[in-house]
Every structure is written in C-alpha cells, then in structure tokens.
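Chain naming here is simple, since letters A, B, ... match the order of the sequence lines and numbering starts at 1 in each.
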Amino acid sequence: MKKYPNPKSPSSSKNAATKKKTEDPKPVSFFDVVYKIARKIPKGRVTTYGAIAEAADIKLTPRMVGWAMNGAGNAKPAVPAHRVVNRNGELSGRQFFATPTLMQELLEQEGVTVKNDKVSDFKTVFWSPGKPKATTATKTVKKKI
DNA sequence: AGTCTGACCTGAT
DNA sequence: GATCAGGCCAGAC
C-alpha cells in the first residue's frame, strides 16, 4: 500500500467518466453491475460485498466489488457505498469515505444501528441483492428461515 | 509484458 | 474460537 502514489484517486483520478463515450457494445462493465446492485439496496438495509458479487451476472470476486466501489462517489447517481459492509458487518470501507465517521453517520441516519464500527443486528438489516441461492448469504442468514 | 495491489471471502491450522 | 494463508478477477505502474 506504499507503492501507490495516489491512494485517494483509485482510477488515476480520472473518475468513472473515463469510459464516457467508449461504451457501446458492452457497456456492462463490472463496475456498472456493482453500482446497479448497490443502488438497489433499500434504505435502512445493508448488504455484503460477497452477496453483490454473487448477484452479478458476471464472475466476480468480492475484492472487485470493493474496488469498484472506489468510483461510487464518482458514479452518478452516487452509489450508497455506506450500505455495503463486509461479511462480518464491519464498516471496512468507512476510511474510504470523506470522513471515517461519515459511513456510520449515514447508516444511523437511515435507522441502522452501528456499534463500534459494526452493524448491530447485521443479519436483521441484511438485504439480499436478489440471488436467493447466495452461498455466502446462506451461511450468514442460514438461520433466517 | 510483468508485477502488485485491492473497501473480500473461504478454508485450513 | 482465533489466526494464517491462499485464491479470485480486474486495473494501474
């Protein structure tokens, strides 16, 4: 993490607009897919990176989801990255926000209780992107049904 | 062209 | 139960 000159701007600070008019045949970059799913997250609810990766039609790893979130602020409309947490329910990406506490503030604002940088009742506020057979979600919410 | 990193997850020790 | 290591795909230098 030290060899990175610009930790602030992930995509060379070119923002997501880099592909502006270059999209035509296959505009469905894995970025767009993640954004689309993240935007579908209802208010007061959170999901995990792995769940999004599973919901994506394309083969994708949870890591890529987080990486794609880098452009969330640049994406339009802005993607509610604060509603996306890791499988543990921790606000791992809070430090990537404008302020480390912004993520928690937003979550609490929507009614999500955050304790110690972790979502309380994570399983309760957990929301599935739409993939019922989510392996990860199955384990997390296995006792849901 | 090769190397490394990355807001993760899963499995094994 | 906690910790370590590996893996996965894509992008940037």
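Taking atom CG on A/N86 and atom P on B/dC9, their separation rounds to 5 Å, with Å as the unit. At whole-Å resolution of the value, NZ in A/K59 and P in C/dG7 are 15 Å apart. Rounded to whole Å, atom P of B/dT5 lies 14 Å from atom CZ of A/F96. Taking atom NZ of A/K118 as the reference point, atom P of B/dA7 lies 18 Å away to the nearest angstrom. One interatomic measurement links the two molecules: CG of A/L60 to P of C/dA10, which rounds to 8 Å at whole-angstrom precision. In this entry the distance linking CD1 of A/I58 with C1' of C/dG11 reads 14 Å, nearest Å. The interatomic distance linking A/W67 (CH2) with C/dC13 (P) rounds to 10 Å, in whole Å. At whole-Å resolution of the value, OH in A/Y49 and P in B/dT10 are 14 Å apart.
Taking the side chain as every heavy atom from C-beta outward, A/V46 and A/I41 never approach each other to under 4.5 Å. Here the side chains of A/V33 and A/D57 are not in contact, with every heavy-atom distance at 4.5 Å or above. Using a 4.5 Å cut-off on side-chain heavy atoms (C-beta onward), A/L91 and A/V114 make contact.
Out of C/dA10, C/dC9, B/dA7, the shortest distance to the side chain of A/F30 is found at C/dA10. Looking at the side chain of A/F31, the nearest of the listed nucleotides C/dG11, B/dT5, B/dA7 is C/dG11. In this structure, of B/dA7, B/dC9, B/dT5, it is B/dA7 that holds the atom nearest to the side chain of A/S92. In the set B/dC9, C/dC9, B/dT5, C/dC9 carries the atom at the smallest distance from any side-chain atom of A/T61.
In this structure, C/dG7 forms a base pair with B/dC8, meeting either the Watson-Crick or the G-U wobble geometry with both donor-acceptor distances under 3.5 Å.
At a threshold of 4.0 Å, the pair A/E110-A/R83 counts as salt-bridged, since one of the basic side-chain nitrogens sits closer than that to a carboxylate oxygen.
Note on A/A81: a base of the nucleic acid sits closer than 4.0 angstrom, heavy atoms only.
Counting only distance, with no hydrogens or angles, the side chain of A/N86 and the backbone of A/G89 share a donor-acceptor pair below 3.5 Å.
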